[in-house]
Amino acid sequence: MPRLIDPGDGGPIGVGELVEALEATPVDVRDEDAFASLGPLLARLGRNRDFLADMAIAELKTRCEGQLAANGYGAQSFLLRPPNGRYLLRANFWPARQDPVTRASGTAAFFYDLPHDHNFPFLTWGYLGPGYWSDYYEYDVDAVTGLPGEDAGLRFVERSRLEPDKLMLYRMRRDVHVQLPPDAFSVSLNILGSDPAQPWLDQYVFDMEAGTIARAITCTAAEALVTLSVHFGGNGTDLAADFAVRHPCERMRVTALAALASADPREAVSILERAAASTSAYVAGHARLRLAALMRQTAP
């Protein structure tokens, strides 16, 4: 489960003071202990009971101009500080299952009932309300290839909630949770860590009944552009063919292969058969899955 962090006893600070402290304390987010050491700073922001309401009121006065300009998340998240390549700060809102917004929009918008991991580490603090519940699991990402339907080796840990003033570190690609609505409206504060490799690391959704990887949900803008370029023809096809063989990210290689196969249905089988012989278990496994799906579609 996420690592519990001692929040310390420092007094309340504002967002500006937190940002100054983070800028003065650069850490490698892949170093778990170093990133965890930032937790007490988040706790100090969490002890400031006025800052979030003040920021929300200021945004409303400008018709949420700042949020619209920089917030890449949905309405559930209130951006406290935009990403700078190392971290971002946000507040997340967690309505209860019976709240009007949940009844109107459903649970998917809040990632409730969706078993998933994260391809980044983040610190979280229970700021307001009783806190959301989670069923927590762990898995060893190095022990899986990353294929849909693959046994994930999930280990159940416990069900608990992000209680008020609780500080936790969600460990990148290790902690899995099925997030459940809180008993009443709640708010959490986060420091999200990031590094240049993050977009190329898969984030998974899991099938808890089967104990398997259901699918990866990570996609970069470059992958979308490669797919589009193949369907536009011209040099895009040559670029994708090169990526399918040489790109250092296996997911990009799979993306390029899928684009080539979909753009030329007559050659799809041969493209996927060649990929199925790849020395990369990830590439070969995805090619075999796509080839099997293609065969089912064309079967009489």
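Closest heavy-atom contact between Gln203 and Thr218: N-OG1, 2.7 Å.
Side-chain polar atoms of Ser270 and Glu267 form a donor-acceptor pair below 3.5 angstrom. Of the N and O atoms on the side chains of Ser188 and Trp94, at least one donor lies less than 3.5 Å from an acceptor on the other residue.
With hydrogens and angles disregarded, a donor-acceptor distance shorter than 3.5 Å links the side chain of Arg86 to the backbone of Leu22. Judged purely by atom type and a 3.5 angstrom limit, Asn84 uses its side chain to pair as donor or acceptor with the backbone of Tyr87. A donor-acceptor pair is defined here as one N or O able to donate and one able to accept, closer than 3.5 Å; such a pair exists between the side chain of Asn48 and the backbone of Asp50. Side chain of Ser134 to main chain of Tyr136: no donor-acceptor pair is present (N/O by atom type, distance under 3.5 Å, no hydrogens or angles). The backbone N or O of Val19 sits nowhere less than 3.5 Å from a side-chain atom of Glu23 that would complete a donor-acceptor pair. The closest donor-acceptor contact from the side chain of Gln179 to the backbone of Leu114 lies at 3.5 Å or more, if one exists at all. The backbone N or O of Gly131 lies less than 3.5 Å from no partner atom in the side chain of Lys166, so there is not a single donor-acceptor pair. Between the side chain of Ser186 and the backbone N or O of Pro182 there is no donor-acceptor pair closer than 3.5 Å.
Under the side chain to side chain contact (heavy atoms under 4.5 Å, CB included) rule, Ile213 has a single partner from Asp202, Val144, Val205, which is Val144.
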ask   = For Arg44 and Asp9, what are the C-alpha separation, side-chain angles and deciding distance, and is it a salt bridge (charged side-chain N to carboxylate O under 4.0 Å, His left out)?
value = CA-CA 8 Å; Arg44 293 186 66 186; Asp9 55 5; over 6 Å; no
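Legend: salt bridge (charged side-chain N to carboxylate O under 4.0 Å, His left out) pairs involving residues 276-294, not counting sequence neighbours: none detected.
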